[in-house]
Amino acid sequence: MLDIDFHALLPEIILAVTLLVTLAVDLNTRRKHIVAIVGVIGMFAASIAIFTLAFCDVLDFCTDTGTRSLFDGSYVVDSYALVFKMLFVFAGFVVLLLSIGYLETDRYYEGEYYFLVVAAVLGAVVMASSRDFITLIVALELVSIPGFLLAGWRKGDPRSNEAALKFFVVGVLALALTLFGVSLLYGLTGTQQFSELAAAASDASDIGLFNLGVLFVLLGLGFKISAVPFHYWTPDVYQGSPTPVTAWLSVGSKAAGFVALLSVCYLALPTVTDIWGPILWLVSVLTMTIGNVVAIKQTNVLRLLGFSSIAQAGFMLAPFGAAAASDSVSDLSGAFYATVTYLVIFAVMNLGAFATVILIGSRVGSYELEDWGGLIRYATGLAAALAIFFMSLAGIPPLAGWFAKFAMFQATIGIGDGWGYSISIIAAVNAVIAFVYYGRVVMTTWFQPVPASVDLEAQERYEVPGPIGFALGLTAVGVIIIGIFPGLAANIGDFSTEIFASLGF
Amino acid sequence: MEWLESGWGLSLIVFLPLLGALALMAIPRANEAALKWTALGFAGASLVLAIVMAANFDYSAADTYQFGTDLPWIEVINARYTIAIDGISLSLVVLSTIITVLAIIYSWNHWPEPHNPKLLLGLVLILATGMAGTFVALDLVLFFVFFEVVLLPMYFMIGIWGDRSIREVPVFGWKVEMRLYASIKFFLFTLAGSVFMLLSFLALHWRSGDFLDERTFSMIELSVLGSTGAFTGTFATLVFLGLFLGFAVKVPIWPLHTWLPDAHTAAPTVGSVILAAILLKLGTYAFVRIAIPILPDEFVVWAPLIGLLAVIGIIYGSLACLAQNDMKRLIAYSSVGHMGFVMLGIATLTDIGINAAIIGMVAHGVITGLLFFLAGSMSHRYHTRDMRRLGGNQSLMPKMGVLLGLAAMASLGLPALAGFWGEFMALMASFNPLEAIGETVLFRWYMVIGAIGTVLTAGYMLWMLKSVNFGEPSAEFADKEFHDVDTVEWLAWVPLVIAIFVIGVWPRVVFGATNDAVIALVERAFGG
């Protein structure tokens with residue numbers, strides 16, 4: 001019998017079983033939403049497994065506590081991994097709920113669709129625990145490949161085809177770059193495990209090649225998180241994909257990319273902040289600025305959300321950039337903490353934003369902002385939800401988004417020096433610019449008259465589909481509660497100090 | 001009264017309106033009477049508590065924080081739910097609860113179009129929580145949250161019920177509705193200021209770690225550090241600039257004032273009243289509560305410049321008033337001038353000047369609140385605010401005319417009315433500013449310019465009275481019947497009229513609370 005901690009792997013095992021069950025169920029039923037329900041149950045079961053791992057010390061049947069390290073340290077289940085596993089499962093759960101109503105209206109293959117969503121979630125969950133490059137890349141591809149397929153799901157729609165092709169080409173290129181970088185790092189240090197790399201990084205024999213390796217890894221991951229200048233695929237893919245898939249790409253897939261980046265930068269390369277710090281500083285500044293400026297010009301709400309999530313990625317990168325000049329453990333742990341907190345809050349509010357946008361889009365029959373005028377007149381609740389999520393994305397208290405930005409500024413100001421202060425000020429200016437487009441959406445839906453194209457009588461009869469409504473309510477309550485008691489989200493990132501203590505440099 | 005002392009009372013004052021807003025959500029939109037009474041009930045309860053608190057306030061210890069509590073809120077960053085009031089915030093808390101109640105009373109039969117009492121009352125109540133919260137918060141993060149909470153309701157208020165006339169956007173040349181332009185401009189200006197304010201708060205938080213065991217956001221602890229000269233050099237300068245930007249936009253100080261005339265003019269009456277009476281005070285209050293105690297040395301350095309901007313604001317506001325034809329816009333610009341006097345008082349950094357600033361804030365809240373109410377009611381009746389078309393109001397609506405005359409007189413600083421003390425004492429304080437500033441002569445010049453400003457203020461106020469109240473009614477209104485002030489309006493305005501007289505004749509009603517607190521504040525910051 002292999003000595004494997006099966007409890008630690010339970011969430012992955014549950015998801016893998018769910019994956020198989022979805023396929024089997026799909027073969028045997030015509031009522032495809034049953035497949036989705038299987039997926040939802042799987043997510044739920046996985047989340048319970050994650051909870052038992054997280055609260056192991058207070059549960060009777062659970063004996064192990066603390067960090068669980070498997071496969072010679074290549075696969076680690078600690079608080080950091082658990083938080084993100086929970087986030088991915090939550091995102092998967094919400095995306096499945098969003099899909100149920102959506103796919104039925106479009107009459108495309110349904111069963112396989114849910115299968116692919118679960119597969120992508122599984123990849124992301126594995127990603128959270130990956131502590132060496134091989135596992136990381138396998139996980140990354142398990143997230144990406146279902147994404148390529150899902151992006152092209154509306155196969156009759158040329159935009160969807162374009163999205164899938166673009167996403168695929170860019171994704172494969174990114175993978176190739178990452179692999180090339182990884183092979184350089186492996187060649188120079190003789191290890192591809194993060195904890196060993198962290199120790200070996202400082203005495204790599206050829207510093208030039210080492211830098212090149214780091215650069216290529218960052219480039220590849222830059223595509224995944226759609227950071228400028230690797231962002232060109234994002235708006236097209238977001239607009240062309242089925243909207244629930246867009247929600248997954250902008251939250252789950254992006255967060256998976258960020259987890260990879262966090263692990264690589266802070267766990268594998270914490271001793272060479274002077275290499276990745278300045279690069280990511282620049283990427284962060286470009287990402288938030290260009291994302292914002294281009295978002296202002298958008299007339300399609302999906303594209304607007306696409307650029308907005310690019311800009312948000314820029315904010316998440318800011319603490320990385322601020323860490324450029326620093327090698328103190330407390331600075332790094334502060335930066336790490338800020339990005340984690342931002343990601344968690346962003347996931348909740350962006351999923352909510354997508355749920356709202358899907359509902360409004362299907363109700364109005366268009367994603368063009370001008371068609372959404374006067375939404376408040378005939379869909380008060382949806383208009384209110386839209387305002388809540390967009391203002392949260394803009395970072396206005398008392399909605400959750402303010403604390404995400406607050407945590408980011410806290411880290412960048414705390415690190416200080418040239419890198420930290422400069423990026424704080426740039427981010428501050430960008431936070432203001434961002435309001436222009438978030439505010440414009442709210443302005444159109446709340447202040448403008450209803451355009452003639454909207455059939456008000458038909459709107460009277462509209463009913464919100466249950467699953468999406470549930471997802472919307474869940475995220476809206478989350479956004480408000482976290483906004484008023486940010487401690488709830490703030491404590492989630494608490495583990496950052498313990499992670500850095502265990503790094504021991 | 002133990003529960004009152006323990007912080008519960010103060011928390012209820014702040015959060016009762018918010019609970020009211022939640023309660024409104026449960027009431028169907030069609031049931032207007034229930035909506036109104038619920039809103040009034042919650043706001044009224046908050047006001048009653050505020051009055052009870054003012055009655056129980058220990059005036060002999062006005063420089064200490066009272067009725068407060070201090071609970072953990074966001075433990076990771078050591079941000080706490082610290083609230084309390086002292087002599088400086090007491091009058092502002094009471095003012096904000098009064099104005100909220102009056103705004104709801106006035107709304108009883110004055111609904112701006114589109115008709116949606118539920119939303120309007122809900123927004124007023126959320127505003128009330130934000131305003132009262134800002135005045136009681138003693139933790140920088142908590143302060144920031146309350147400071148920002150007022151933005152969204154006001155944005156919606158201007159955007160939904162605002163002025164629908166078309167306006168050309170400068171520079172870009174787009175033609176948009178006034179309300180859309182004004183609402184986003186208001187939001188962007190304030191947001192831009194407050195983001196930098198937040199950066200300064202965070203910088204103070206991190207720097208406090210050099211002196212304390214645990215980094216803090218507490219205004220009290222940071223003030224203690226500030227008075228011992230902890231924050232110096234470039235760091236202090238940058239932090240001060242960030243704070244200045246955040247507060248100055250809100251006040252607003254010239255040249256950051258341009259959002260104000262647009263927002264005030266575009267907002268519905270209730271919005272203008274709340275904006276003028278309370279929201280502007282958040283900025284000046286923050287200067288007194290945060291900037292002076294935490295960065296006293298830096299304030300001394302910048303005081304001459306702030307004084308200069310203040311007197312420019314006074315003159316500029318007055319001259320701009322003289323150029324207006326729109327009555328509401330004139331009142332809006334008059335705020336720029338009046339807030340200039342408040343800032344001048346603060347910039348002297350003396351106890352007289354800061355006392356002047358606080359009574360100036362309260363007086364401006366009461367007087368300009370009344371003026372905006374009157375302007376709203378008059379434009380409701382005349383369907384225009386254009387002073388070239390108005391005239392002879394005194395004969396058409398005698399009671400309204402008397403009230404307008406009174407408010408205008410109070411606004412121009414007539415002795416024995418509320419507006420007098422703030423202006424007079426601010427000028428008095430400029431004669432002898434804090435010695436450490438070392439610019440006494442310059443401040444005396446400011447005094448002279450400010451005095452010219454009072455003459456200009458009198459000029460435009462009397463000019464407004466002349467063109468609106470006096471003379472013969474123009475042909476289009478002459479033979480029409482107008483409702484004079486109705487019962488609801490009396491109910492909403494009489495408290496303000498009483499306050500104008502009481503503060504004017506017996507300023508101790510404000511100074512009694514502020515004086516000791518201000519003297520202690522100046523002493524701690526500048527060593528007496």
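Keep in mind that the numbers below use all heavy atoms, side chains included, and drop hydrogens, waters and symmetry copies. First the proteins, then the strands, lettered A, B, ... as listed; each starts at 1. Small disclaimer: the values here were computed from a predicted structure and weren't measured.
With a 4.5 Å cut-off on non-hydrogen atoms, A/Ile396 touches chain B through its side chain but not through its backbone. Both the backbone and the side chain of B/Leu191 have a heavy atom closer than 4.5 Å to some heavy atom of chain A. For a residue to count as touching a neighbouring chain, one of its non-hydrogen atoms must lie under 4.5 Å from one of that chain's; by this rule A/Met443 touches chain B with backbone and side chain alike. Heavy atoms closer than 4.5 Å to chain B are found in the backbone of A/Ile484, but not in its side chain.
Atom CD1 of A/Ile413 is separated from atom CG of B/Leu198 by 8.5 Å, given to the nearest 0.5 angstrom. Atoms CZ and OG1, on B/Arg29 and A/Thr380 in that order, are 6.5 Å from each other to the nearest 0.5 Å.
Between B/Tyr155 and A/Phe447, the angle of the ring planes lies from 30° to 60°, which puts this pair in the tilted group.
Every residue two or more places apart in sequence or in another chain that forms a ring-ring contact (aromatic ring centres under 6.0 Å, His included) with A/Trp419 is listed here: A/Trp281.
Annotation for B/Phe144 and A/Pro397: closest pair CE2-CG, 3.9 Å, computed over non-hydrogen atoms. Scanning all heavy atoms of the two residues, the minimum distance from B/Leu199 to A/Ala428 falls at CD1-CB, 3.9 Å.
Ring-centre distance between A/Phe485 and B/Tyr81: not below the 6.0 Å cut-off. Ring pair A/Tyr421/B/Phe235: centre-to-centre distance not below 6.0 Å.
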Hey, can you pull the donor-acceptor pairs under 3.5 Å for the side chains in residues 398-411 of chain A, sequence neighbours left out?
{"unit_1": "A/Trp402", "atom_1": "NE1", "unit_2": "A/Gly483", "atom_2": "O", "d": "2.9"}
{"unit_1": "A/Lys405", "atom_1": "NZ", "unit_2": "A/Leu393", "atom_2": "O", "d": "3.1"}

